[in-house]
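Below is one structure, written out as structure tokens, with a few remarks after it.
Computed from heavy atoms alone, side chains included, the values below leave out hydrogens, waters and symmetry copies. Below, read A as the first sequence line, B as the second, and so on, with proteins coming before strands; counting in each chain starts at 1. Computed from a predicted model, the values in this text were never measured in an experiment.
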Number of protein chains: 2
Amino acid sequence: MPNSEHVKLEAYLKERGQKVTKARKAVLRAFMELEGHVTADSLFAAAKKIDPGIGQATVFRTVKLLAEAGLAREACQDEGARTYEHAFRHSHHDHLRCERCGTIVEFYDKTIESAQEVVFKQYGFVAIGHKMELTGLCADCARRGI
Amino acid sequence: MPNSEHVKLEAYLKERGQKVTKARKAVLRAFMELEGHVTADSLFAAAKKIDPGIGQATVFRTVKLLAEAGLAREACQDEGARTYEHAFRHSHHDHLRCERCGTIVEFYDKTIESAQEVVFKQYGFVAIGHKMELTGLCADCARRGI
DNA sequence: GTGATATTGATAATCATTCTCATTTTGGAG
DNA sequence: CTCCAAAATGAGAATGATTATCAATATCAC
Ligand SMILES: [Zn+2]
Ligand SMILES: [Zn+2]
Ligand SMILES: [Zn+2]
Ligand SMILES: [Zn+2]
């Protein structure tokens with residue numbers, strides 16, 4: 001039962017003369033089953049449940065491949081391990097992070113997005129993308145005091 | 001000739017019962033002499049010219065201290081080594097980075113800054129700060145083609 | 001099926017940063 | 001100024017995420 005993510009990955013691979021392998025299919029399946037912001041490590045754990053023999057290096061390689069194929073996207077991140085999130089049918093957004101409890105809220109702000117376009121133009125840049133993370137204290141943590 | 005940066009650092013240290021040391025003074029001096037976005041490594045090199053015996057760990061510790069004291073600030077960074085920039089008398093701004101040549105342009109956009117405040121309020125967050133980096137191709141790189 | 005080629009998984013290597021700890025500095029009290 | 005507890009230092013080891021290496025294996029166009 002090939003779903004559209006697998007179709008998209010296979011199309012991407014074929015187009016570049018790359019191979020559709022057991023490991024890649026397992027990583028994609030694991031990735032699609034996870035939600036939110038996923039580290040290579042949690043993806044490794046999930047992928048091992050599907051294909052116990054899979055190697056860590058392969059997971060690192062494959063999640064990067066998923067990003068190139070437009071199925072995953074790096075989530076803005078300050079410290080520690082890199083995180084990825086679904087990019088297919090999960091449109092662009094930015095993040096609001098609570099410094100106390102780590103809660104992450106996704107948001108999309110039209111005003112900011114269009115102001116960014118203006119900045120690109122102002123400096124003669126051709127836009128590729130952006131990363132923005134707002135940090136603060138969520139309502140709960142603020143109420144509980146610092 | 002104590003300048004205001006040294007005064008500020010010493011005040012910060014005294015207030016917290018910490019000591020004003022040769023190494024800390026050397027790192028601050030080196031930092032003030034450098035411009036733009038500084039890595040711990042380049043700061044280490046610069047500090048060694050002032051105090052040849054200084055250790056790398058001390059530079060890492062001290063630049064972090066400078067950030068706490070409000071003299072340095074982390075510059076938004078995707079890969080590789082963390083970078084710091086002057087925070088004292090160098091007001092807040094965000095960055096525009098060319099993916100081809102690495103050029104970094106600093107900018108400040110009032111519209112974005114105030115829209116961020118609105119987002120914080122919308123989600124009930126108490127604002128602490130933000131990191132934003134726009135990536136694209138600078139005029140030169142865009143002209144030369146990809 | 002065959003073979004050229006891409007991929008894999010185990011392992012070692014990298015590299016920025018942090019930790020450890022014995023030794024040295026600092027700064028306030030006397 | 002001297003003494004000393006506390007803080008800081010520097011050398012080197014440790015960490016932890018990510019990459020590189022490479023012999024063995026899997027894939028796929030023919
Ligand atoms: Zn919170
Ligand atoms: Zn997200
Ligand atoms: Zn450029
Ligand atoms: Zn800057």
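For A/R16, the salt bridge (Lys or Arg N to Asp or Glu O under 4.0 Å) test picks out no residue, with sequence neighbours left out. Listed by chain and number, the residues in a salt bridge (Lys or Arg N to Asp or Glu O under 4.0 Å) with A/E10 amount to none (sequence neighbours excluded). Take A/Y84 and apply the ring pair (Phe, Tyr, Trp, His ring centres under 6.0 Å) test, not counting sequence neighbours, and it matches no residue. For A/V126, the side-chain contact (heavy atoms from CB on, under 4.5 Å) criterion is met by B/L137, B/A142, not counting sequence neighbours.
In the helix from C/dG1-D/dC30 to C/dG30-D/dC1, the rotation axis of the first five pairs and that of the last five pairs differ in direction by 30°, rounded to 10 degrees.
Sorted by first and then second residue, the pairs that involve residues 19-33 of chain A and meet side chain to side chain donor-acceptor pair (under 3.5 Å), not counting sequence neighbours, are A/K22-A/D51. Applying the ring-ring contact (aromatic ring centres under 6.0 Å, His included) definition to pairs two or more places apart or across chains, those involving residues 35-76 of chain B are B/H37-B/H95.
A heavy atom closer than 4.0 Å to some atom of DNA chain D occurs in B/Q18, B/K19, B/T21, B/A23, B/R24, these being the qualifying members of residues 18-25 of chain B. Proximity of residues 40-70 of chain A to DNA chain D (heavy atom under 4.0 angstrom from any strand atom) is restricted to A/A57, A/F60, A/R61, A/K64.
Cluster partners of A/I104: none. The rule joins Ile, Leu, Val, Met, Phe, Trp and Tyr whenever side-chain heavy atoms lie under 4.5 Å apart, and it links nothing here. Here B/L134 sits in one hydrophobic cluster together with A/L96, A/V105, A/F107, A/I112, A/V119, A/F120, A/Y123, A/F125, A/M132, A/L134, B/L96, B/V105, B/F107, B/I112, B/V119, B/F120, B/Y123, B/F125, B/M132; the rule is ILVMFWY side chains under 4.5 Å apart, joined directly or through other members.
Exactly one of B/H86, B/H6, B/H90 qualifies for a ring-ring contact (aromatic ring centres under 6.0 Å, His included) with B/F31. That residue is B/H86.
Remark on DNA chain D: of its neighbouring residues B/L13 and A/T39, the 5'-side contact belongs to B/L13, judged by nearest-heavy-atom nucleotide.
Applying the 6.0 Å contact sphere to CD of A/E68 captures more than 12 heavy atoms from other residues, nucleotides or ligands.
For the pair A/H130 and A/E113, the minimum side-chain heavy-atom distance is below 4.5 Å.
For the residue pair A/H92 / A/E106, no side-chain donor-acceptor distance below 3.5 Å is found, with atom types taken as modelled.
Chain A approaches DNA chain C within less than 4.0 angstrom (heavy atoms of the protein), and the contacting nucleotides run 5' to 3' from C/dT5 to C/dA10.
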